[in-house]
Asker: 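After the structure tokens below, expect a handful of questions from me.
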Amino acid sequence: MNRINTFSDRTSYLSREEILNPFLVLEKVFKKYSTCEPIVDDLWELITHGHRKGYWTTYSSPKVLYLKYIQLVRIFEASLLISKIRPNYLDFEANERDYKNPDTIDKSKKSSTNIIQDAYKNLNIDNYYRGLASLKFDLSNLLYDGFQPTCHRYTVYIKETTYDLYTVGNKIISSLFLVYQLERGLQLTPNDTKRLQAYECNASDSNTNQFAYSESFTEIVSEEKKEFEYKPTINYLNKVAQLLLHEKEVYNPGNILHYFDELMFFLEGFCLHYEKLKTKQKNKKWDIPRELLDEVKYIPKDRLINPLSYLHELLEAKSLVEWRNELEEWKLEILGNEYFRDDYYRQITHLLFCLSELVGLMKHRPYKLF
């Protein structure tokens, strides 16, 4: 199954700075274009990728389509935030001026105001679509299904959603470009900032989970699911990365994305789980059977008296943001058929191997999960 819940309206791909000023996203995306057509074309390419078998092979690497997908999601997340602070103040100010001075209306300015009001109103996806969560869900299905993963089937609804996705996506992108053109340099009000701060906790550069998940780490561990053994997955990704050094394209990019999603869940799920265990794990001895001790390869033998304390030391070496960024960089290097920096990823792979071993030892923990 896919543990990352893409049917979510949380702003997973925006930094704290961008959440507090979503107009910065528009600047980054549109500043090099005279029209919004290149971004609309990106949406169309992603739709084509989802429907045409092997279309991704026409690109220099799968990374190209993946980055187009990320940029589109970022645009739509920014659209959600902008819709939370606009156009209410424009409606109020325009109506108040017209009421007080009906004979002194600047018709050209009035026309411009109406245009920008309409553009802002178009950003409220809930008015004519199923919401940001559905939009992101449909985009992710196109991306993943287009790569034809063999390890997981993502959706059967692509045909039913494509028309609405393109129509709505085109409308939002065009409206955002108009907002960018007419509102550059706009200063946010204190009230704007206050509203946007409600989304700050979801920032991609915060030490909290970046994504929503369909299951929790605790549920997986308590059920002792065998599928939660990630050593083969980590070894596979390492093998693929090494083969790419010899310019051998021997992997399915859909599987690569799925496996990295699993590892992201693994990393973030354990970090959240561990926050609840900090007070429980101190000075507690684990009673691990000898036959299991002999199978442990990555956690040092002298730390198996309390393996959780060793994982604590590994995690504290870097912030969750740093660990997450390393995982994303590793994914991009494989998708981009780039040189694998084995030394650079040694820490993140060691951490993941140790986490995988820890899961196998969890039933011998000296405390309850709940």
Side-chain angles (χ1 to χ4, degrees), residues 1-7 12-13 45-70 72-73 136-158 210-211 213-215 220 225-269 323-342 345 348-349 351-353 355-356 359:
M1 66 175 298
N2 184 29
R3 299 188 208 281
I4 291 184
N5 182 9
T6 55
F7 192 86
S12 298
Y13 291 96
E45 287 179 45
L46 194 64
I47 290 173
T48 304
H49 160 72
H51 285 271
R52 186 180 298 176
K53 182 180 179 180
Y55 181 71
W56 65 271
T57 60
T58 63
Y59 292 85
S60 58
S61 72
K63 177 181 174 181
V64 177
L65 278 167
Y66 176 73
L67 292 180
K68 288 178 184 290
Y69 160 77
I70 295 296
L72 287 168
V73 173
K136 291 171 63 177
F137 179 71
D138 293 342
L139 280 174
S140 68
N141 285 334
L142 286 169
L143 176 75
Y144 285 75
D145 247 27
F147 284 129
Q148 297 178 291
T150 58
C151 63
H152 181 70
R153 179 67 188 271
Y154 278 82
T155 183
V156 293
Y157 300 113
I158 286 181
Q210 183 178 1
F211 301 103
Y213 295 102
S214 56
E215 293 183 271
I220 299 297
K225 294 186 178 180
K226 291 183 178 180
E227 64 189 76
F228 202 63
E229 297 175 356
Y230 282 120
K231 281 186 181 180
T233 297
I234 303 166
N235 283 324
Y236 170 76
L237 293 173
N238 274 329
K239 181 181 178 181
V240 168
Q242 294 294 340
L243 287 172
L244 287 175
L245 294 179
H246 307 288
E247 300 181 356
K248 296 179 181 178
E249 296 187 13
V250 293
Y251 68 94
N252 179 306
N255 290 348
I256 295 297
L257 287 175
H258 178 76
Y259 291 145
F260 272 106
D261 284 353
E262 287 284 282
L263 293 181
M264 184 65 76
F265 164 73
F266 198 22
L267 175 65
E268 291 199 331
W323 288 122
R324 199 161 53 210
N325 288 344
E326 285 189 20
L327 199 58
E328 182 68 12
E329 289 173 29
W330 185 11
K331 179 204 299 182
L332 288 174
E333 286 194 5
I334 292 180
L335 292 178
N337 303 326
E338 298 169 11
Y339 182 81
F340 180 60
R341 297 173 290 167
D342 184 50
Y345 298 113
I348 182 68
T349 53
L351 172 65
L352 292 169
F353 275 129
L355 284 175
S356 183
V359 170

Asker: Are the side chains of Leu351 and Leu267 in contact, using a 4.5 Å heavy-atom criterion?
Answerer: yes
Asker: Can you tell me how far CD1 of Ile348 sits from CH2 of Trp330, rounded to the nearest 0.5 angstrom?
Answerer: 7.5 Å
Asker: Can you find a pair of side-chain heavy atoms, one from Lys68 and one from Leu46, that are under 4.5 Å apart?
Answerer: no
Asker: Could you tell me whether a side-chain N or O of Asp145 sits under 3.5 Å from a main-chain N or O of Asn141, the two making a donor and an acceptor?
Answerer: no
Asker: Any idea which heavy atoms bring Gly336 and Ser61 closest together, and the distance?
Answerer: CA-OG, 3.7 Å
Asker: Can you classify the ring geometry of Tyr69 versus Tyr144 as parallel (below 30°), tilted (30 to 60°) or perpendicular (above 60°)?
Answerer: perpendicular
Asker: With side chain to side chain contact (heavy atoms under 4.5 Å, CB included) as the test, would you mind laying out the steps for Thr233 and Phe266 before giving the verdict?
Answerer: CA-CA 12 Å; Thr233 297; Phe266 198 22; over 6 Å; no
Asker: Could you check whether any side-chain N or O of Glu268 sits under 3.5 Å from a backbone N or O of Gln210, counting only pairs where one atom can act as donor and the other as acceptor?
Answerer: yes
Asker: Applying the ring-ring contact (aromatic ring centres under 6.0 Å, His included) test to His49, which of Phe147, Trp56, Tyr55 qualifies?
Answerer: Phe147
Asker: Under 4.5 Å between any side-chain heavy atoms of Leu335 and Leu257, yes or no?
Answerer: yes
Asker: Could you pull out the closest heavy-atom pair between Asn337 and Ser60, with the gap in Å?
Answerer: ND2-O, 3.9 Å
Asker: Out of curiosity, Lys63 NZ to Glu333 CD, how far, rounded to the nearest 0.5 Å?
Answerer: 8.0 Å
Asker: Rounded to the nearest 0.5 Å, how far apart are OG1 of Thr58 and CD of Glu45?
Answerer: 8.0 Å
Asker: Parallel, tilted or perpendicular: which fits the ring planes of Tyr213 and Phe211, with parallel below 30° and perpendicular above 60°?
Answerer: perpendicular
Asker: I would like to know whether Thr349 and Leu237 meet side chain to side chain contact (heavy atoms under 4.5 Å, CB included); could you show each step before the answer?
Answerer: CA-CA 10 Å; Thr349 53; Leu237 293 173; over 6 Å; no
Asker: When rounded to the nearest 0.5 angstrom, what is the spacing between NZ in Lys239 and CD1 in Ile234?
Answerer: 16.0 Å
Asker: If I take atom CZ from residue Phe260 and atom CG from residue Leu332, how far apart are they, to the nearest 0.5 angstrom?
Answerer: 9.0 Å
Asker: Please test Lys136 against Val73 for side chain to side chain contact (heavy atoms under 4.5 Å, CB included), starting from the C-alpha separation and ending with a verdict.
Answerer: CA-CA 6 Å; Lys136 291 171 63 177; Val73 173; 3.9 Å; yes
Asker: Minimum heavy-atom separation for Tyr66 to Lys331, with atom names?
Answerer: OH-NZ, 2.9 Å
Asker: Heavy-atom distance under 4.5 Å between the side chains of His258 and Pro149, does that happen here?
Answerer: no
Asker: Calculate, to the nearest 0.5 Å, the distance between atoms CD1 and CD1 belonging to Ile334 and Ile256 respectively.
Answerer: 5.0 Å
